[in-house]
2 protein chains.
Amino acid sequence: MTYKADKAIAEFVEQMGLILQAEGLPRIAGHIMGLMIMQEGPFSLSQLAERLSVSRASISTNTRLLEDLEVIVRTAKPGDRQDYFKLSPQPYARMLRGVVRRMRRARDVVESTRDSLPEGMTDTHERLKELDAFYEALIESFMDVIDTWDAERERPARQARHGERPSA
Amino acid sequence: MTYKADKAIAEFVEQMGLILQAEGLPRIAGHIMGLMIMQEGPFSLSQLAERLSVSRASISTNTRLLEDLEVIVRTAKPGDRQDYFKLSPQPYARMLRGVVRRMRRARDVVESTRDSLPEGMTDTHERLKELDAFYEALIESFMDVIDTWDAERERPARQARHGERPSA
DNA sequence: TCGTACGTTCAGTATTGACTGAACAAACTG
DNA sequence: CAGTTTGTTCAGTCAATACTGAACGTACGA
């Protein structure tokens, strides 16, 4: 019944490509992430290139991107010169941190605009304050989700921790 | 001191263009939104085109886009055949609803993949469950923010409600 | 009914950026 | 040392899409 598994993997990889693309990331980054969710890995750069049928150059740039986003980590196997990649622990929470950073920048724009506003534009001031408050609420809400996830991680685990190869 | 105001408006319009663009929307949509935050309006299609120095065609498509996102509303002035546009009440909360919709679709992908998974891939199943839970938490968190904003609106106001011109 | 103003849509253009292949640098193997 | 393997980077290509100008349909006014 490996056929069903392969089909499910292929479809999910494709879909994650589209989902990540909708978030403004390269499609291949989504493919990599999707594959790693479906199969634990770790995968070498060449393995990823072959598995996803894309150039090693693309894999290189996209793994670096995902590494910057802290979604994946680069690991090494003893006695092997290749770099290996796998999902980092709590990859989604880490990714969310990046979103929060972007949102803080947007909020900063709003605030600096508000500060540079001449007197008398009280109505504009009010609208900017509303937008500022909205960003604030959103950021705080995100942080809550992240914290919850991190707390989950702290609990040292009644099950095996993610990211450990099973001995079998 | 109108110079300072104009400069602040121009800069904010530009920045909102970049911010919206980073969210995957057309830059001009950001310009429109930015202008409407800085100046209450309402603006006619032609006014927007001239004010932002872009074609009326672009304004037409982008106002329709923002209208679909429920960020702006189309209004009419008695005795004037032109369409006028202004920010809708709670524009940001409404925009957030769209994000939630997108996220629900992503979550659906995860769930349907999980359902179509053959027996034995317990590890994969686990990771998909984690992603599913993450989406769930995020969606719920968003909904909270939206509800808070809506509740704020319900309260008929100790202050002037947004979107109403103050008499002063 | 003709003329005008308005908004939409469509074909074409330009820009952005994802992806590739090739050249390259560094680290290992013989 | 020469030869391989591995990852990165860069120039070039291709596809997606934002934006424009023009043509169109519609509704209003004389």
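Each chain gets a letter, A, B and so on, in the order its sequence line appears, and its residues count up from 1.
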Peer 1: Measure across K77(B) and P42(B) and return the closest heavy-atom pair with its distance rounded to 0.1 Å.
Peer 2: CE-CG, 4.3 Å
Peer 1: With axes from five pairs an end, tell me the bend angle of the helix from dT1(C)-dA30(D) to dG30(C)-dC1(D), nearest 10°.
Peer 2: 10°
Peer 1: At what distance, to the nearest 0.5 angstrom, does CG of L87(B) lie from CD of Q39(B)?
Peer 2: 12.0 Å
Peer 1: Using side-chain heavy atoms (C-beta onward) and a distance below 4.5 Å, is V99(A) in contact with L96(A)?
Peer 2: yes
Peer 1: Listed in order of residue number, which residues of residues 48-55 of chain A have a non-hydrogen atom at under 4.0 Å from DNA chain C?
Peer 2: V54(A), S55(A)
Peer 1: Taking distance alone, no hydrogens or angles, what donor-acceptor pairs closer than 3.5 Å link side-chain atoms of residues 10-36 of chain B to residues at least two apart or in another chain?
Peer 2:
none

Peer 1: Under 3.5 Å, sequence neighbours excluded: what are the donor-acceptor pairs made by side chains of residues 65-73 of chain B?
Peer 2:
unit_1: E67(B); atom_1: OE1; unit_2: R74(B); atom_2: NE; d: 3.3
unit_1: E67(B); atom_1: OE1; unit_2: R74(B); atom_2: NH2; d: 2.9
unit_1: E67(B); atom_1: OE2; unit_2: R74(B); atom_2: NE; d: 3.2

Peer 1: Tell me, please, the opening and closing nucleotides of DNA chain D, 5' to 3', among those with an atom under 4.0 angstrom from a non-hydrogen atom of chain A.
Peer 2: dT5(D) to dT9(D)
Peer 1: Indicate the atoms forming the closest heavy-atom contact of A8(A) with L117(B), along with that distance.
Peer 2: CB-CD1, 4.2 Å
Peer 1: Run the side chain to side chain contact (heavy atoms under 4.5 Å, CB included) check on V100(B) and R104(B) step by step: do they pass?
Peer 2: CA-CA 6 Å; V100(B) 169; R104(B) 278 197 224 274; 3.7 Å; yes
Peer 1: At their closest point, which heavy atom of M121(B) faces which heavy atom of A5(A), and how far apart are they?
Peer 2: SD-CB, 3.8 Å
Peer 1: In residues 10-22 of chain B, which residues come under 4.0 Å of DNA chain D by heavy atom?
Peer 2: none
Peer 1: For residues 134-143 of chain A, please give each side-chain donor-acceptor pair under 3.5 Å, one per line with the distance, not counting sequence neighbours.
Peer 2:
unit_1: E136(A); atom_1: OE1; unit_2: R107(A); atom_2: NH1; d: 3.0
unit_1: S141(A); atom_1: OG; unit_2: S141(B); atom_2: OG; d: 2.0

Peer 1: Restricting to non-hydrogen atoms, name the atom on Y92(B) and the atom on R127(A) that form the minimum distance, rounded to 0.1 Å.
Peer 2: OH-O, 4.1 Å
Peer 1: Could you give the side-chain donor-acceptor pairs of residues 54-63 of chain A under 3.5 Å, partners two or more places apart or in another chain?
Peer 2:
unit_1: S55(A); atom_1: OG; unit_2: S58(A); atom_2: N; d: 3.1
unit_1: T61(A); atom_1: OG1; unit_2: A57(A); atom_2: O; d: 3.4
unit_1: T61(A); atom_1: OG1; unit_2: S58(A); atom_2: O; d: 3.0
unit_1: N62(A); atom_1: ND2; unit_2: S58(A); atom_2: O; d: 2.9
unit_1: T63(A); atom_1: OG1; unit_2: I59(A); atom_2: O; d: 2.7
unit_1: T63(A); atom_1: OG1; unit_2: S60(A); atom_2: O; d: 2.9

Peer 1: In residues 26-35 of chain A, what residues come within less than 4.0 Å of DNA chain D, judged by heavy atoms?
Peer 2: none
Peer 1: Measure the shortest side-chain to side-chain distance between K86(A) and E40(A) over non-hydrogen atoms and say whether it is less than 4.5 angstrom.
Peer 2: no
Peer 1: Tell me, with the steps shown, if D83(B) and L45(B) meet side chain to side chain contact (heavy atoms under 4.5 Å, CB included).
Peer 2: CA-CA 7 Å; D83(B) 292 359; L45(B) 194 146; 5.8 Å; no
Peer 1: In chain order, what residues pass the side-chain hydrogen bond (donor to acceptor under 3.5 Å, both in side chains) check against S44(B), with sequence neighbours excluded?
Peer 2: Q82(B)
Peer 1: If you round to the nearest 0.5 Å, how far is CH2 of W149(B) from CD of E130(A)?
Peer 2: 7.0 Å
Peer 1: Quick one: which residue pairs count as a ring pair (Phe, Tyr, Trp, His ring centres under 6.0 Å) with a foot in residues 41-86 of chain B, not counting sequence neighbours?
Peer 2: none
Peer 1: Any heavy-atom pair between the side chains of L128(B) and M38(A) that's under 4.5 Å?
Peer 2: yes
Peer 1: Identify all pairs in which a protein N or O lies below 3.5 Å from an N or O of nucleotides 5-9 of chain C, and state each distance.
Peer 2:
unit_1: dA5(C); atom_1: N3; unit_2: R81(B); atom_2: NH2; d: 2.9
unit_1: dG7(C); atom_1: OP1; unit_2: D83(B); atom_2: N; d: 2.5
unit_1: dG7(C); atom_1: N7; unit_2: R56(B); atom_2: NH2; d: 3.2
unit_1: dT8(C); atom_1: OP1; unit_2: R74(B); atom_2: NH1; d: 3.3
unit_1: dT8(C); atom_1: OP1; unit_2: R74(B); atom_2: NH2; d: 3.3
unit_1: dT8(C); atom_1: OP2; unit_2: S60(B); atom_2: OG; d: 2.6

